[in-house]
Every structure is written in C-alpha cells, then in structure tokens.
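Counting convention: from 1, in listed order, for ligands and their atoms alike. This one's a predicted model, so the numbers in the text were calculated from it and none came from an experiment.
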Amino acid sequence: MELNERQEKILSIVKQHGPITGSKIAAQLSLSRATLRPDLAILTMSGFLDARPRVGYFYTGKETNDVIALKVNNILVRDVQSLPILITADTSIYDAIVKMFLEDVGTLYVIDDEQSLTGVISRKDLLKGTMSFKDTENTPVSAVMTRSPNIAMCYPDDLLLYVAKQIIDRQIDSLPVVVEKNGRIEVTGRITKTNITKVFVNLME
Ligand code: ADP
C-alpha cells in the first residue's frame with residue numbers, strides 16, 4: 001500500500017499537533033471534513049493513526065519501519081538505474097582494464113554485433129585474466145567473461161528490493177538492466193551496490 005500525498009500531509013499534521021480533530025486537520029489543509037474522510041479512514045485502518053471519540057486523531061508510532069517498507073516496496077529499477085558500460089567480446093583484457101579505470105566502474109557488459117548481451121566482466125575476471133594470460137593485449141575478454149545463460153539480469157519495472165536480494169544471493173556486485181526486443185537482450189542500465197546504498201541513505205535522510 002502506498003500513501004498518497006494528502007495522506008502523507010495528514011500524517012505529518014497529526015504527528016505535530018495530535019491529538020487533533022478531523023475538522024482541524026481539514027482546516028489546516030483548507031479542505032472539507034467530508035473530503036478528508038476516506039483518507040482518515042485509510043490511515044486509521046492501516047494503523048498509522050488512531051481515533052478517540054471527542055479527542056481526535058493521534059499518531060500511533062507505527063510509522064518508521066512500516067513507512068520505510070512502504071517506500072522501499074515502491075522503488076523500481078528504472079528509478080535508480082545508472083548507465084551501463086558496454087564492450088564487445090573481442091576487446092582485449094588490457095583494453096577492458098583501461099576502460100574500467102576510465103569509466104570508473106567495477107563491471108562491464110559484453111554485447112555482440114546485434115547489441116545483444118552475451119557476457120559480464122568483473123574486476124576479478126580481469127585479475128584472473130592477467131594471471132592466466134601473459135599477452136593481455138591480445139587475449140579477448142571472451143576468455144574470462146561470465147556468459148549467457150548464466151547472467152543474472154533485471155528489467156526496468158522490477159522492484160529494486162528483488163534486485164538487491166539477487167545481488168546478495170548470487171554474491172555479485174551488479175545486475176544489467178535489460179529490455180528484450182525480438183530475441184535481442186538490449187542492455188539499458190545497471191543496478192549496482194552503490195545505487196542501492198544511495199537509496200538507503202536517501203530513505204534515512
Ligand atoms: P568482482 O569480481 O569485482 O568482485 P562480482 O562479485 O560482481 O565482482 O563478480 C564475481 C563473478 O560473478 C565474476 O566472475 C563475474 O563475471 C560474475 N558476475 C558478475 N555479475 C554477474 C551477473 N549479473 N550475472 C552473472 N554473473 C555475474
């Protein structure tokens with residue numbers, strides 16, 4: 001359940017001034033008591049507010065955790081995704097390392113000639129590459145990348161919470177955000193631990 005803007009306003013008025021009557025809340029919002037009735041009913045039924053006869057509405061204190069949960073359950077991948085950094089499978093390990101430094105990212109996504117996702121390259125993959133192959137300037141990233149179909153992906157409309165769980169379960173740093181079009185897997189973004197940490201800080205602030 002998501003609180004609408006008016007319900008959020010009511011909640012903050014009751015938090016500041018409660019116990020407060022419905023008419024006084026309505027006056028503060030320059031609305032009629034009747035207009036507010038459905039919102040007050042929702043806030044009361046879902047446990048944010050309690051009402052005492054002749055005293056008015058007061059705040060139950062249910063808020064913090066539940067409101068944060070409500071907010072988290074409304075954040076979608078598309079709201080926080082960042083830009084993906086793409087390379088082709090014939091890029092050398094050396095060039096991929098340079099790209100990672102220049103773009104300041106920890107993961108590169110590998111696409112084929114049709115711009116469809118075929119692999120993922122992480123820092124550890126590249127470290128492994130430098131230890132296994134002497135000539136990193138002439139060894140392609142395809143030698144060390146994680147390949148389809150073993151790639152964990154997500155979609156713009158997925159819940160961020162679902163992606164965060166995948167990152168933990170699969171012990172990875174990021175997921176490509178993809179859109180499937182005519183059998184092609186187009187990479188349109190990425191969700192990283194940094195995106196998720198930013199959301200966490202924003203919620204707390
Ligand atoms: P790092 O290697 O920098 O610690 P990760 O933990 O993300 O970064 O990568 C660990 C391994 O998981 C690497 O082999 C990488 O190719 C692979 N990997 C990374 N992201 C994904 C993903 N979305 N799906 C499947 N495998 C991935």
Out of all atoms in ligand 1, which are within 4.0 Å of some heavy atom of [X]? Include the element for each.
{"X": "Ile151", "result": "24 (N), 25 (C)"}
{"X": "Lys124", "result": "1 (P), 2 (O), 3 (O), 4 (O)"}
{"X": "Pro176", "result": "23 (N)"}

Working to the nearest 0.5 angstrom, can you tell me the gap between [X] [atom1] and [Y] [atom2]?
{"X": "Lys99", "Y": "Leu108", "atom1": "NZ", "atom2": "CG", "value": "8.0 Å"}
{"X": "Leu117", "Y": "Arg184", "atom1": "CG", "atom2": "CZ", "value": "11.5 Å"}
{"X": "Asp157", "Y": "Asp79", "atom1": "CG", "atom2": "CG", "value": "9.5 Å"}
{"X": "Ile111", "Y": "Thr118", "atom1": "CD1", "atom2": "OG1", "value": "8.0 Å"}

Do Tyr109 and Ile87 belong to the same hydrophobic cluster, where Ile, Leu, Val, Met, Phe, Trp and Tyr are linked whenever their side-chain heavy atoms lie under 4.5 Å apart, directly or via other members? no

Considering heavy atoms of the protein only, find what lies nearest to [atom] and give residue, atom and distance to 0.1 Å.
{"atom": "atom 10 (C) of ligand 1", "answer": "Ser122 OG, 4.1 Å"}
{"atom": "atom 23 (N) of ligand 1", "answer": "Ala152 O, 3.0 Å"}
{"atom": "atom 17 (C) of ligand 1", "answer": "Thr146 OG1, 3.5 Å"}
{"atom": "atom 5 (P) of ligand 1", "answer": "Asp173 N, 3.8 Å"}
{"atom": "atom 18 (N) of ligand 1", "answer": "Ile172 CG2, 3.6 Å"}

Taking 4.0 Å as the limit for heavy-atom contacts, which would you say applies to [X] with ligand 1: side chain only, backbone only, both, or neither?
{"X": "Asn150", "value": "backbone"}
{"X": "Gln171", "value": "backbone"}
{"X": "Ser174", "value": "backbone"}

Would you say the side chains of Ser32 and Thr35 form a donor-acceptor pair under 3.5 Å? yes

Is it the case that the side chains of Tyr59 and Ser12 hold a donor-acceptor pair, with the cut-off being a distance below 3.5 Å and no angle test? no

Does even one non-hydrogen atom of Thr107 get within less than 4.0 Å of ligand 1? no

Would Gly119 count as a contact of ligand 1 if the rule is a heavy atom under 4.0 Å away? no

Counting heavy atoms only, which of Asp125, Val120, Leu108 comes nearest to atom 15 (C) of ligand 1? Asp125

Which residue in the set Asn202, Leu160, Thr192 passes side chain to side chain contact (heavy atoms under 4.5 Å, CB included) when paired with Val80? Leu160

Cation-aromatic face contact Arg52/Phe58, 6.0 Å, 45 degrees: yes

